[in-house]
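Side chains included, hydrogens not; waters and symmetry mates left out as well; all remaining heavy atoms used. Throughout, protein chains are lettered first and strands after them, A, B, ... in sequence-line order, and every chain is numbered starting at 1.
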Number of protein chains: 2
Amino acid sequence: MNFVRIGEKPEISRLPLFRDMDDGKRERIFSGSFLQVFPPQLTLFAAGQQSDFLYVLVDGLVELYAVSAGRETTMRIVEPVTSFILAAVVTDMPFLMSARTLVSSRILLVPAALMREVIKQDAALMQATMQELAVGYRGLVRALTDMKLRQSAERLGNYLMEQGVRLGDPEAFELKGEKRVLASLLGMTPENLSRAFGVLRDHGVGVSGSRVTILDRDRLARFSRPDPVPPDPI
Amino acid sequence: MNFVRIGEKPEISRLPLFRDMDDGKRERIFSGSFLQVFPPQLTLFAAGQQSDFLYVLVDGLVELYAVSAGRETTMRIVEPVTSFILAAVVTDMPFLMSARTLVSSRILLVPAALMREVIKQDAALMQATMQELAVGYRGLVRALTDMKLRQSAERLGNYLMEQGVRLGDPEAFELKGEKRVLASLLGMTPENLSRAFGVLRDHGVGVSGSRVTILDRDRLARFSRPDPVPPDPI
DNA sequence: TCGATCAATTGATCTATATCAATCACTGCC
DNA sequence: GGCAGTGATTGATATAGATCAATTGATCGA
């Protein structure tokens, strides 16, 4: 367990969540938090547990998953630098999701009680928390719509288009995490993910290992029918 | 278009969202808002539109639905007294969902800009908004998990158990809205909703029209495997 | 009271996706 | 360099749920 080192601060401070708040208050949060490195495939917390920390993934990759009816499903693949499990911290309710590292990860742990306390004191932090929750809410509305209305290959197509934009190069990028995790995120089996990639090959998508190339964006869009409302910025 | 009448205030003021805020500020919001009655089956707003108002359903029934890939799906059945479409208002982004009245409804319209302005001024309102979004976020996490992991009859079983508790009598209650809307909410066709009710008949559920009776709660729970983490209050 | 209308139900298929079963292709290690 | 071990792919089959097609039942107005 280490306290937050100087080198880490800038990228964490640059997060929308902490960016606009009072410097002293931010310092207070950071000095009460600690950075920890976790090995791959380690369970960080399980659904049902009391939410003792807000997590900020600084480096690595984390999977959030939910369990129900004896099976599990990936809810989110968290890429750095992002906070996660904010809603549980804000409501002071047990986690609905579990988390595990997919690769070795450096994570900032902010004590939930401290976070809740400073939120109450700092209007900018509260505002940012509110925004983050609202944006997250809308992301889930999209995800649920996607799951209810689109079929698997279309979901994959949309995911690839969005991921391309998010990662900076809409034409070509690397998939994050194993394909089986991606399959679970998209609500399908690994077998069907393979077949879905096969389908998309005829609609302007190239894949080789985890390298994805979007050869014909219009063609892919025509097939996967992206949401008319464009994605929210951050 | 009428301004908020005295008679309406108490139940709106009692909403968690407005309950704890400064009285003067609340007055400011209410005097800038108006109550309106809408006939059944009227579209209140459509996805993609700029979010000009926060809506509070005072009386009646409203359906929130999303459209994608040419089809539509019910996202939420809003019962009084509840605010809706808060995330769009907070982020000042276009609606992701459309809304229509299912029956004649009395609705409070709070101008979105006014809402955002007062949120910035009143810490208690901001806090309540944050809480509401966090609770909503968790509701969507549950809904998405449900859709991904449970099959249709189980989803129905869980819905009925929760609805019973929410409406005050876990043993017997009336379904809100038409069954076709419920089917869409639960991500199935009306035909399959009928069959799902048929399945649940062997698992402690009685139905007659829109009247649902839960004859054997344990049996139903055994079948539909409710979430181990209990639902959030409010 | 009788049709007309529309939601709900029931039955018969069809289809997207899951499941089961190999096989293939890496990756790392001895 | 070869061979476990693991993830990805491909193929064959099974199944939950959709779709199509009537039929039933309830509501409402003439």
Is there a donor on the side chain of B:Arg201 or the base of C:dT9 sitting less than 3.5 Å from an acceptor on the other? no
Are A:Phe45 and A:Tyr55 an aromatic pair by the rule of ring centers under 6.0 Å? yes
From CG of B:Leu102 over to P of C:dA7, roughly how many Å is that when rounded to an integer? 12 Å
Can you tell me how far OG of B:Ser68 sits from CE of A:Met147, rounded to the nearest 0.5 angstrom? 12.0 Å
Tell me: CG of B:Leu149 to P of C:dA18, nearest whole Å? 11 Å
A:Arg211 CZ - C:dC26 C1' separation (whole Å): 19 Å
Could you check whether any side-chain heavy atom of A:Pro111 comes within less than 4.5 Å of a side-chain heavy atom of A:Ser33, counting everything from C-beta outward? yes
On DNA chain C, nearest-nucleotide positions of A:Ala153 versus A:Glu191: which is more 5'? A:Ala153
Nearest of D:dT10, C:dA7, C:dT9 to any side-chain atom of B:Arg180? C:dA7
Determine: side-chain N/O of B:Asn192 to OP1/OP2 of D:dA18, distance under 4.0 Å, yes or no. yes
For D:dG17, take OP1 and OP2 only and decide whether either is under 4.0 Å from a side-chain N or O of B:Thr189. no
If you check every side-chain atom of A:Lys179, which of C:dT9, D:dG11, D:dA8 has the closest atom? D:dA8
Starting at CE of A:Met147 and ending at P of C:dA16, how long is that distance when rounded to a whole Å? 17 Å
The side chain of B:Met188 lies closest to which of these nucleotides: C:dT19, C:dT17, D:dA18? D:dA18
Under 4.0 Å: is that the gap between some side-chain N or O of B:Ser152 and OP1 or OP2 of D:dG17? yes
Flag the pair A:Phe95 / A:Phe84 as yes when their ring centroid distance falls below 6.0 Å, and as no otherwise. no
Could you tell me whether B:Gly177 contacts a base, only the sugar-phosphate backbone, or nothing, with contacts defined as non-hydrogen atoms closer than 4.0 Å? nothing
Whole-Å distance, A:Leu193 CG to C:dA16 C1', equals 15 Å
Starting from P on C:dT9, measure out to CG on B:Leu200 and report it in whole angstrom. 12 Å
Looking at D:dA8, D:dG11, C:dA7, which one has an atom nearest to any side-chain atom of B:Glu178? C:dA7
Between D:dT19, C:dT17, C:dA7, which nucleotide has the shortest distance from any of its atoms to the side chain of B:Arg71? D:dT19
Nearest-Å distance for atom pair CZ/P, residues A:Arg195 and C:dT15: 18 Å
Interatomic distance where CG belongs to A:Leu156 and P belongs to D:dA8 [whole Å]: 14 Å
Charged N-O contact under 4.0 Å between A:Glu162 and A:Arg142: no
